[in-house]
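So the structure is just underneath, and the comments pick up after that.
Only heavy atoms go into these numbers, but all of them, side chains included; no hydrogens, no water, no symmetry mates. Lettering of chains follows the sequences in order, A, B, ..., and the numbering in each one begins at 1.
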Amino acid sequence: MPTRARPGPVHVVGLSCTPLLPEQDAVLDELVFDAVSAALSECALRKADVGLSVLASMDVPDGRSISSGLTTAAAAGYLSDSYRLEADSGSAVAAAAQAVAAGDVEVAVAVGVHNPEHHATDDAGRRAFLEQLSNLAFEPAFDRPVGMTAQAVYGMQAAHAIRASGVTLQDLAELSAAAITRGAAGRRPGRRSPVTAAEVLASAPVAWPLLDLMFPAPLTGAAAVVLASPARAARLLGRSAVVTGTGQATGDHTWTGDWLTRPEATTARAAADAYRNAALTDPASSVDVVELSAPTPALHGPYLRALGLSGLPPARVSPSGGLAGGHAGLANGIVRLLEAVEWLETHEPRGRAVVHSVDTVTGTVSEEATVAVVEGV
Amino acid sequence: MAQRAAVVGVGITDATSPRKQTRSHVELCQDAVWAAVEHAGISPADLDAVVVGNIDGFEGTVLGGKHVTRLLGLGPHLPMVVLNTGGTTGGNLMQVAARMVRAGTHDRVLCLGGPTFFGVRDLQSAINTNSPMIVEQPLGMGGFHMGAFAASAYQARHGTTVQDLASVVVADHRKASANPHAHLRYTLTETEVVEGTPLSSPLTQPMVCPVSTSAAAMVVASEGVARSRTSPAALIRAMGTSSDPYLGGGKGDFAVMENLAALARRVYALADVRDPRSEFDVVEVFAPYVHMQPMQLEALGFCGPGEGIDLIRSGATDAGGDLPTNLSGGPKCTNAGVAGELAPYAYTALQVMGDAPESIQVPGARTGLAHGTGGSFFQFENLAVFSRLDPQEQS
Amino acid sequence: MTSPLTQTVHWDLTYDVHLGSTWGRFMQGLREQKILANSCPECSRTFVPPQAYCEACFVRTQEWTELPAEGDLEVFTVVWQGFTGGPTPPYAVGGIRLAGADTLLMHVVTGLDFTDPATVREQLPHGSRVRAVWAAERTGQILDISHFEPAG
Ligand SMILES: [Zn+2]
């Protein structure tokens, strides 16, 4: 591999998120419009300033094939460059950043939206629908007929971790309780009350050994970020953060078993890519905070190790509570970026954050991981 | 550091109907990918990422592209990006790959478009789910009905007859008959087209694309990689996409492709194209319905409003004409979904590389234009301008 | 040729599609035999069906108005071959410009004689006047307007 020059830095100038709720009485494009227009307002930019919009959403929860037909104009894509990835919005951020780094556009927008076209009265009903969609995303000849879903994968991975690594269900419950409690005091609480490990352990079984409070509450909403070249950002008000590197990786298929025994491998590859692009050689000593996306507590440790950040104090690992409070589907990547940038603004205006996101469509199978390195300026 | 991007390898499989196809979805993708990798003169280990397209609901698996890619023998760890923008998915694969390369983070990215329409039992009912539900779909408006609107409006504006439309079909079939990869390789007469089964006025069955099975793949690489080859590459000189709103009723004039005309101006400016008619040696447009090709030729600035059919009838767009267009036969004769959408890009790149199938190669082609369109009422458009990039002089 | 080996894969998904307040208000209007539109405060375009935002100016829409249930037929197609779950062909679908609207309202159009496919275009020339016929039972959906028929 020839040594590649680093991509240029890309500034974060606007960031916004709609309220994250269990269900929203809104058409998808209205949520996208709300997030994008609020993010543009933050930096006093208008639609005409946007060179490229990258949208993250998925047809099946959206209830329409080619659902981007509905949402693209709301992402500021009317008569301009835009496309839609069926991926977590972390990938949309990476794609938008690439367009700026390439010198193709001065301002790019990335937005993720998630509001499944399904009405349910409780989390169990919401999850049942998402699980049905998850099953449809599994391999059709072998995996789908036997009932593979994201929750089944997460359950198996947790069971394996308990057996193989010595972590106990009590440990997992404590991780979940601490994160939910932290998130309940945060700006976007998916679960509003603190809980104890005992309450986590007493919650309903979902996918053995995992329990209800070990899974994120299903949330909906849209989140958007406005990125700009350094030259353009210098003339803008708004957020003051720089994405110095992004990395992406995709996990292995069902039958290799990496998803079970090495669930951290995908995140590790994304991190290596991001750190190389950001020229970050020693993350352990130079990162102040990480916004981690662990869909279950059994993935918390593996993901953190994969990022090389196991040494961070617990208060600096997903100070927002991470996914323990709730998960807004493919909007998650930008929600995590927002939480990280807000933390830097409040605690370390010149600090460095790592933002991690995964999609949860098929659990750790074929998982897509993105990592971004973000610095306050 | 920012760099230029070029297409260095293309793979296109032969197409046939789903009924006659003996290869599976995965096998077709494998054929296309390995052909592209071989054409690029690289090995799979050299790839930095894959950009793959799928259209959920048209395929048996949600995010079908993700599954297929892991079965191609490219290694288990290649990063993958899944793209879905309907009919522009194919062309947008290249735009996303090109941006990855242009940003400097990637040197060789594979684009893969599979046989999206392979396997669905009732394709029209799948396509109908992208007709705007709630306000338009309940009216009985599905896939080709959305297409027929523009055909009908174009007729009303220019007095175009059904025979006029049929002449475009005849030309497409004549071209497809020379392309070894095409699906419908038989020729037709205007009368046969006019007397075909009526679908949605004014469209008859022969005026609408077939359901084909085939796959297409391309390798997009940095200029450095491209120049180190021993044969020409296809430099991506300019590219862009444009979108109209969702509802059919918000698209302004159905008789004119305003969205495409606006995009063409933007992309031509990027490529410094001043006189498109004389500057392009070869053009491939995505025209699955008959009226689209003349309307696109007009929007792309090759002729005036209402003159598209005359341009096609004049022979200018045939092999040997001054504006060879859709020498592949276009999607009218071969449409396998994302593979069919990637095809205009793949054929145009091949043409400027000098590597198109001999029977359709435009001698000495150096500059080409590729196009894609899709979404509800064809609300999305994409374009790219390619130029031949010669290898660096070996000292 | 041996027949290919296939397996049947079926999706069974039922959706509850969110209408939101903008389309919700429009649908409520239909129950009351009113066609409601809204407008962009910057470019003043009037949208029917209404939009929550203007895609060009990228601002929220305001200003609701009721449009006449009559307009000009700008485009239509006769569907000879329909689709699973759709209406029985032949039927005609058209784009109607209601007075004061900057968008087209799509709807079913009646009054055509379908016997000869070659004559359908001439039967309803561009700009023919059509008017909404309301369904007897209205439940807040687009087919609360049963169809549009030639006016006059
Ligand atoms: Zn406006």
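Residue A/Asp143 does not touch chain B at all, counting heavy-atom pairs closer than 4.5 Å.
Judged by distance alone, the side chain of B/Arg70 and the main-chain N or O of A/Thr254 form no donor-acceptor pair under 3.5 Å. When atom types are taken as modelled, the side chain of B/Asp56 and the backbone of A/Ser65 share no donor-acceptor pair closer than 3.5 angstrom.
Residue A/Leu79 comes nearest to B/Ser242 through the heavy atom pair CA-OG, 3.2 Å, listed as atom of the first residue, atom of the second, then distance. In terms of heavy-atom proximity, A/Ser366 sits nearest to B/Lys66 at O-NZ, 2.8 Å. Contact detail for B/Met100 and A/Gln248: the closest heavy-atom pair is CE-OE1, 4.4 Å. The two atoms that bring B/Arg266 and A/Ser80 nearest to each other are NH2-CA, 3.6 Å, heavy atoms only. Minimum interatomic distance between A/Arg64 and B/Tyr246 (heavy atoms only, all atoms of both residues): NE-OH, 3.6 Å. Nearest approach of B/Pro79 to A/Ala249, heavy atoms of both residues: CB-CA, 4.2 Å.
Remark: A/Tyr83 engages no residue in a ring pair (Phe, Tyr, Trp, His ring centres under 6.0 Å) (not counting sequence neighbours).
For the set B/His67, B/Met239, B/Gln3, the entry with the most heavy-atom pairs within less than 4.5 Å of chain A is B/His67. Comparing B/Ser243, B/Gly374, B/Gly240, B/Ala2 by how many heavy-atom pairs each has under 4.5 Å with chain A, the most go to B/Ser243. Between chain A and the options B/Asn84, B/Val82, B/Thr85, the largest number of non-hydrogen pairs under 4.5 Å is found for B/Asn84. When the candidates B/Glu381, B/Gln379, B/His77 are compared by the number of heavy-atom contacts under 4.5 Å with chain A, B/His77 comes out ahead. Counting heavy-atom pairs under 4.5 Å between each of B/Val101, B/Leu83, B/Asn382 and chain A puts B/Leu83 at the top.
Around the CZ atom of A/Arg144, the shell of radius 6.0 Å holds more than 12 heavy atoms that belong to other residues, nucleotides or ligands.
Interatomic distance, OG of A/Ser68 versus CZ of B/Phe380, reported as 4.0 Å (0.5 Å rounding). The structure places CG of B/Asn92 at 9.0 Å from CG of A/Asp81, a figure rounded to the nearest 0.5 Å. With values rounded to the nearest 0.5 angstrom, A/Asp252 atom CG is found 11.5 Å from B/Leu78 atom CG. Taking OG1 of B/Thr241 as the reference point, atom CG of A/Leu52 lies at 7.0 Å (rounded to 0.5 Å).
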